[in-house]
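On a predicted model such as this, the values are computed, not experimentally measured, just so you know. In what follows, every heavy atom counts, from backbone to side chain, and hydrogens, waters and symmetry copies are set aside.
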Amino acid sequence: MKRDGRIGRLLRGWREDYIYQTLISAAASFGCTALFALYNGYLGLWHRSVWHGSICVFYLLLMAIRGMVLLTEKRGQAWSEFERDRCRRRAFLVSSLFLLALDLALKLLRVLVENRGYAVPRATLVDRVWTDGAEYV
């Protein structure tokens, strides 16, 4: 079997370079996550399921965060330490905002599903979404 082809170069790079190994593993995981998100999106649309739809949105946002981190690390290999640190901080800020938006969206979705068919007052929405329904003593 000839090892000079693409598979041979891939395996050789896998064994010799830790960064390359990490990026290839993350890319494979990224692909599996994409398939899982699309599958749940299909189930959510087909069965009109809020559960599967929210799982789809959750994994799509996680994919966006993972993709952003991977691109930042890949592009940052040729940059100076200062530029790499600045881009990592920006990626952290954007991913934190994604997670905050996801948290708020899932809380709001839960309140709307629990009160399906009823008008929900603004005070109830603010209390349930911002404080997660916690009661204060």
Got a second to check how far [X]'s [atom1] is from [Y]'s [atom2], nearest 0.5 Å?
| X | Y | atom1 | atom2 | result |
| --- | --- | --- | --- | --- |
| Trp51 | Asn40 | CH2 | CG | 9.5 Å |
| Phe92 | Met68 | CZ | CE | 10.5 Å |
| Arg84 | Trp79 | CZ | CH2 | 9.5 Å |
| Ser95 | Leu61 | OG | CG | 11.0 Å |
| Gln21 | Glu16 | CD | CD | 11.5 Å |
| Cys32 | Met63 | SG | CE | 11.0 Å |

Could you see if [X] belongs to whatever hydrophobic cluster contains [Y]? Use Ile, Leu, Val, Met, Phe, Trp, Tyr and a side-chain cutoff under 4.5 Å.
| X | Y | result |
| --- | --- | --- |
| Ile55 | Leu99 | yes |
| Leu100 | Leu93 | no |
| Val57 | Leu43 | no |

Could you pull out the closest heavy-atom pair between Gly44 and His52, with the gap in Å?
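Minimum heavy-atom separation between Gly44 and His52: N-CB, 3.6 Å.
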Where Cys56 and Ala37 come nearest, the two heavy atoms and their spacing
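Scanning both residues, the minimum pair turns out to be SG-O, 3.3 Å.
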Please enumerate all residues that pass ring pair (Phe, Tyr, Trp, His ring centres under 6.0 Å) together with Phe36, with sequence neighbours excluded.
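Phe36 satisfies ring pair (Phe, Tyr, Trp, His ring centres under 6.0 Å) with Tyr59 once adjacent residues are dropped.
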Is any side-chain heavy atom of Ser29 less than 4.5 Å from a side-chain heavy atom of Thr33?
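Side-chain contact under 4.5 Å: yes.
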Sorted by first residue and then second, give each salt bridge (Lys or Arg N to Asp or Glu O under 4.0 Å) pair with at least one member in residues 28-56; sequence neighbours left out.
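Those involving residues 28-56 do not exist here.
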For a side chain to side chain contact (heavy atoms under 4.5 Å, CB included) check, start with the C-alpha distance between Leu62 and Phe58, then their side-chain angles and the critical distance, and finish with the verdict.
CA-CA 6 Å; Leu62 286 181; Phe58 176 75; 3.2 Å; yes
